[in-house]
Amino acid sequence: MDIKLITKGAAIGTATGLVYYALSSAGSKKRHSIKRNAGKALKAAGTVLDEITSVIM
C-alpha cells in the first residue's frame, strides 16, 4: 500500500464532494430566486393590466 496514493485519492474525493455540494446548494438558491422573481413579475403584469383596463373603461 502506498500512502501517497491513498492520500491523493482521498484529497481528490474530498475536493469532488465539496464542488458537488457547492453546486447543488447554489442551484437550489438560484431556483428559489427564479421562482420569487417570477412571482413578482406576474404581480406586476397583473397590476399593469388592471391599470390599462381602468384607463380604457
Side-chain angles (χ1 to χ4, degrees):
M1 285 198 139
D2 190 13
I3 299 296
K4 229 176 180 179
L5 288 175
I6 293 172
T7 306
K8 186 177 179 181
I12 290 172
T14 302
T16 304
L18 287 172
V19 168
Y20 177 76
Y21 174 75
L23 289 175
S24 66
S25 66
S28 176
K29 290 178 184 177
K30 187 67 174 177
R31 282 191 301 265
H32 180 68
S33 70
I34 289 171
K35 286 180 182 179
R36 187 178 64 236
N37 290 339
K40 288 180 181 179
L42 285 174
K43 286 180 184 178
T47 303
V48 168
L49 285 174
D50 287 341
E51 293 295 323
I52 290 173
T53 54
S54 67
V55 168
I56 293 174
M57 301 258 173

Residues 11-18, side-chain donor-acceptor partners within the protein, below 3.5 Å, at least two apart:
from, atom 1, to, atom 2, distance (Å)
Thr14, OG1, Ala10, O, 2.8
Thr16, OG1, Ile12, O, 2.8

Could you grab the distance from atom CG of Leu49 to atom CD of Glu51, nearest 0.5 Å is fine? 10.5 Å
To the nearest 0.5 Å, tell me how far Thr47 OG1 sits from Ile52 CD1. 11.0 Å
